[in-house]
Structure formats: structure tokens, C-alpha cells
Amino acid sequence: PLRDIMVAAVDDKFGGQLFQLFSMNSVIPLASVARNLMTFYLSVDLVLPYLQCVCDAELSVLKDPNTLFRANSLTSKSIDHLLKLTSIPYLKSTLQFTILQLIQEDKNCEIDPTKLHTTPDNKRKSLHGLFDSPPTSGVDQLTTYLMVTMETILSSESRCPIIIRRALKQLFVLSAKHFPDESTLPYLAVSGFLFLRFFAAAILTPKLFCLSETYPNERASRSLTLLAKLVQSVANLTTAKESYMRSFDDVITDMHGQLRSFIDRLIDVPDERNSEHRVKLHKQISYDGCILISGFLQKCKLSNIRYFLGSIQTGITFKRRFFELTSHLLNYYTDPVSRVLKGSILLSDISHVEQMDPEALGFKYTIQLQIQSVHDRETKYFFMIASTLN
């Protein structure tokens with residue numbers, strides 16, 4: 001059967017070559033393939049062997065170590081998916097406070113002289129050429145945000161999910177094995193995924209990573225872009241490329257040693273197969289309460305669908321709630337900050353899911369859940385609407 005072939009592939013010397021064919025085919029949607037493969041290997045508790053297989057195969061054909069995991073390969077897409085699947089709570093606990101503070105303070109952190117000349121606040125001053133170099137206020141403000149962000153990240157190894165730490169350890173070890181003369185390369189392999197593809201990406205687009213409920217305004221978005229550039233420079237173990245960011249060279253260089261120490265601590269975990277406390281990944285995710293996806297929706301819960309369909313004109317209301325989906329539960333709260341739990345639905349109690357016809361209720365993107373609990377014979381109906389929200 002196909003299942004047995006896929007299980008055997010991760011331990012077969014030809015399995016990695018087979019997976020590598022996906023990356024070589026430009027027609028195949030790698031993100032979709034990686035997601036499906038990760039879902040399968042998650043179900044059979046072989047995620048780490050699978051990642052080791054595809055990573056080893058990719059490294060074996062890599063000619064230029066400077067391009068390590070920079071392309072959109074099956075390895076990179078698979079690890080991206082694993083990070084989003086398991087590490088959103090870790091990301092929130094690490095970055096959310098600082099990101100929300102930056103957005104709310106909405107300070108002008110611009111340091112590019114060419115952009116300062118077009119900023120409304122500084123248009124009058126720019127006529128006199130007062131911004132030929134980065135203003136001290138912008139540099140100081142960005143330095144503060146960078147210091148706080150990196151301090152939080154570089155002390156977060158204990159909060160990072162164990163499966164991510166083991167996966168990054170595999171990357172580190174395999175990179176050192178294939179390129180023994182490149183002592184910095186294993187650190188770049190780890191930082192490339194954790195920082196460039198995860199932390200920096202989340203700073204750049206906080207709403208997509210559930211760090212912010214709304215999109216930041218133009219000025220806050222620019223500040224986040226500058227902050228992401230600085231974090232990327234630290235992760236690359238280099239200094240900033242842009243001339244107007246040279247003011248940060250000393251700060252960034254001082255963080256390089258701290259980054260290496262953080263990665264050393266991060267990957268200092270026992271191998272999965274040698275661990276006395278080995279827990280299956282899919283169970284670990286469930287018990288850790290990993291949030292697969294979250295966001296605001298409008299909801300309505302009723303005991304009888306006939307009451308609902310006959311009550312549209314009578315003023316029945318939908319309530320805005322913050323939803324979080326885990327591998328076992330669908331929880332909803334008043335908001336993501338106070339986190340007052342308003343309800344919880346066991347996924348095992350959901351007997352039917354259906355996208356409703358927009359003409360039936362007058363709303364687009366309406367999902368109906370039929371809920372039948374083993375402790376309650378009455379069928380309940382739960383409606384969620386996404387079309388009324390941004």
C-alpha cells in the first residue's frame with residue numbers, strides 16, 4: 001500500500017532522492033505538497049525522520065553553501081509549515097507584546113534620509129536639508145525596539161517547542177556534516193529558518209502571524225520593516241547592507257556572539273529516539289494546546305435551526321468572538337487580550353460542517369456546524385460568518 005511505501009521512504013537511501021524530485025519540478029505546488037507530506041508524517045509520528053531525509057537529500061546536491069535553504073525547496077516549505085503548525089503560541093509569547101507596543105506607540109522611526117524628505121511631518125524641514133543623515137531620534141527608537149526584541153528572543157529557548165528544537169538540531173548537525181570546513185554555516189542554517197522565515201517574517205507581517213488583530217498603519221508598518229531588516233542582519237551574522245543603517249553596526253555585531261550562544265542552547269536537546277520521555281508529536285501538539293489558526297469571526301449558536309431560519313427578521317444577532325482552533329478544540333473568547341473564554345467545542349462532537357448558500361442567510365462565507373455531544377442527544381447548530389469582518 002501507498003502508506004507503507006511512504007513510511008519506508010524516510011529510511012530508504014533512495015527516499016530522499018524521490019522527495020528531491022518534487023523540488024526540481026517547477027510545476028508542482030511545493031507548499032501544498034509539503035503540507036500534505038507533513039500531515040501524513042505527523043499522523044504516523046515520523047516528522048523528524050522525514051525532515052532529516054529531505055534535508056540530507058538537499059544538502060547532498062548543494063554546490064554553493066551560500067545558497068543554503070534560501071530557495072523554496074521541499075525542505076524549506078516543510079519546516080515553514082511545521083513552524084506555523086507548532087510555534088504560534090511560542091511566537092506570541094516572544095514577540096507579541098513588543099510588536100503591539102510598537103504599533104500602538106506609532107513613533108516615527110524613519111532613518112532613511114531619502115524617505116524622510118517625503119514624510120509629511122518633516123516636509124518643511126527637508127527643504128533646508130536638515131536630514132542628510134539619519135536623525136538621532138529614529139536611530140535611538142529603533143535601537144530600543146531591536147534590543148528589546150532580541151533580548152526576548154535570545155532568552156526564549158525554553159519556550160520553543162521541543163519538536164522545533166530537535167528539527168533545528170538536525171539541520172545544524174547535517175549542515176556541519178556536509179560542509180565541515182564552514183564553521184558558521186550550521187548557525188546560518190538554524191537562524192535562516194527560525195529568524196528569517198519566522199521571527200522576521202512575523203515582524204514584517206504581524207497580522208498574518210496572529211500577532212496583531214489589524215494591519216498596522218503606514219508609519220508603524222515602515223517601523224516594522226526597519227526592525228525586521230535589523231533582525232535579519234543579526235541572523236545573517238553580518239551588518240546591515242543599507243548605508244543609512246550603518247549606525248547599527250556595533251549593536252548588531254555585539255549580538256552575533258549572543259545569537260550563537262542562543263542557538264547552542266536551543267539545540268542542546270536529546271535526540272528523539274534516545275529520549276526517555278519521548279512523546280508522539282501529534283499528542284504533544286494536542287496537549288500543548290497548539291493553535292493551528294486564530295482570528296475574529298461572527299458567531300450564533302442555536303438549539304433548533306428552525307428558530308434561526310424563522311428569526312432573521314426578528315433581530316437575532318451575531319456576536320463577534322475571537323476563535324482559536326487546536327487539534328482537539330474550537331475555543332472562542334471575547335477578545336485575544338482578556339481571553340475570557342465564552343465557549344468551547346470538541347472537534348469530536350462536530351458531526352457535520354457545511355458552507356451555506358449566501359442567499360439562504362444573506363451573508364457570504366457562512367459556515368454551519370452541527371454539534372452532537374455524546375452527553376446530549378439534542379443537536380445544536382453553530383453558525384460562523386467571516387464576510388462581515390476585515
Side-chain angles (χ1 to χ4, degrees), residues 47-49 51-52 54-56 58-59 62 65-70 75-76 78-80 82-83 86-87 89-95 98 146-203 227-228 230-240 248-279 281 284 288:
V47 166
L48 288 178
L51 288 177
Q52 180 162 347
V54 294
C55 179
D56 195 32
E58 182 172 339
L59 287 169
L62 185 67
N66 293 320
T67 62
L68 179 67
F69 301 128
R70 295 305 172 109
T75 303
S76 62
S78 296
I79 295 180
D80 283 349
L82 183 63
L83 280 166
T86 64
S87 303
Y90 167 55
L91 180 69
K92 287 184 174 182
S93 67
T94 305
L95 288 183
T98 303
L146 176 64
M147 296 291 286
V148 172
T149 299
M150 291 305 301
E151 181 180 354
T152 308
I153 293 175
L154 297 178
S155 60
S156 68
E157 68 274 3
S158 62
R159 299 195 304 275
C160 184
I162 188 65
I163 188 64
I164 296 299
R165 299 179 68 178
R166 286 174 175 159
L168 294 177
K169 180 179 181 179
Q170 286 184 168
L171 286 178
F172 188 97
V173 172
L174 288 171
S175 300
K177 168 190 168 185
H178 284 276
F179 297 94
D181 297 330
E182 302 284 347
S183 60
T184 301
L185 196 65
Y187 291 95
L188 292 176
V190 173
S191 65
F193 280 106
L194 192 60
F195 283 81
L196 303 186
R197 291 176 173 269
F198 195 55
F199 286 134
I203 293 171
L227 179 59
L230 293 173
V231 171
Q232 288 173 351
S233 296
V234 176
N236 285 329
L237 296 175
T238 59
T239 54
F248 299 91
D249 283 358
D250 291 341
V251 176
I252 292 172
T253 302
D254 289 343
M255 291 181 178
H256 289 167
Q258 300 175 47
L259 176 66
R260 288 173 179 266
S261 297
F262 166 71
I263 292 175
D264 287 337
R265 298 193 305 273
L266 185 73
I267 65 172
D268 186 18
V269 290
D271 294 332
E272 182 189 34
R273 293 178 180 178
N274 297 329
S275 175
E276 296 179 0
H277 304 287
R278 185 170 181 265
V279 180
L281 176 57
Q284 175 195 333
D288 284 349

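Only heavy atoms go into these numbers, but all of them, side chains included; no hydrogens, no water, no symmetry mates.
- Nearest approach of T184 to R260, heavy atoms of both residues: OG1-NH2, 3.1 Å.
- Using modelled atom types, one side-chain atom of R166 and one backbone atom of P270 make a donor-acceptor pair closer than 3.5 Å.
- The two residues C55 and L171 make their nearest non-hydrogen contact at SG-CD2, 3.3 Å.
- Rounding to the nearest 0.5 Å places CG of D249 at 8.5 Å from OG of S233.
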As a quick check of understanding, evaluate side-chain contact (heavy atoms from CB on, under 4.5 Å) for Y187 and D264, giving each step before the final call.
CA-CA 9 Å; Y187 291 95; D264 287 337; 2.9 Å; yes
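- Counting heavy atoms from C-beta outward, F195 and M150 have side chains that approach closer than 4.5 Å.
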Could you check S76 against F193 for side-chain contact (heavy atoms from CB on, under 4.5 Å), going step by step and ending with a plain yes or no?
CA-CA 8 Å; S76 62; F193 280 106; 3.9 Å; yes
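- Of the possible polar contacts, one joining the N236 side chain to the Q232 backbone as a donor-acceptor pair under 3.5 Å is found.
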Where do F248 and T239 land on the side-chain contact (heavy atoms from CB on, under 4.5 Å) test, with the steps shown first?
CA-CA 8 Å; F248 299 91; T239 54; over 6 Å; no
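- To the nearest 0.5 Å, the span separating CG on L185 from NE2 on H178 amounts to 11.0 Å.
- Between K169 and V269, the shortest heavy-atom distance links the atoms NZ-O, 2.7 Å.
- Between M255 and L146 the shortest side-chain heavy-atom distance falls below 4.5 Å.
- Counting only heavy atoms from C-beta outward, the side chains of Q258 and V234 never approach each other to under 4.5 Å.
- Taking the six-membered ring for Trp and thresholds of 30 and 60 degrees, F198 and Y90 have nearly parallel ring planes, at less than 30 degrees apart.
- From L154, atom CG reaches atom OG1 of T149 across 10.5 Å, with rounding to the nearest 0.5 Å.
- Atom OG of S261 sits about 12.0 Å away from atom CG of L266, to the nearest 0.5 Å.
- Atom CD1 of I203 and atom CG of L227 lie 4.5 Å apart (nearest 0.5 Å).
- Remark: D250 CG is loosely packed, at most 12 non-hydrogen atoms of other residues, nucleotides or ligands lying under 6.0 Å away.
- S155 and R159 make their closest contact through O-NH1, 4.2 Å (heavy atoms, listed as atom of the first residue, atom of the second, distance).
- Judged purely by atom type and a 3.5 angstrom limit, S175 has no side-chain atom pairing as donor or acceptor with the backbone of P186.
- Here CD1 of I163 is found 11.0 Å from CG of L83. Values are rounded to the nearest 0.5 Å.
- Formation of a donor-acceptor pair under 3.5 Å by the Q170 side chain with backbone atoms of L48 is found in this model.
- In terms of heavy-atom proximity, T238 sits nearest to I252 at O-CG2, 3.2 Å.
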Where do L95 and I153 land on the side-chain contact (heavy atoms from CB on, under 4.5 Å) test, with the steps shown first?
CA-CA 8 Å; L95 288 183; I153 293 175; 4.0 Å; yes
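- Contact record, L51 with S78: CD2-CB, 3.8 Å, taken as the closest heavy-atom pair.
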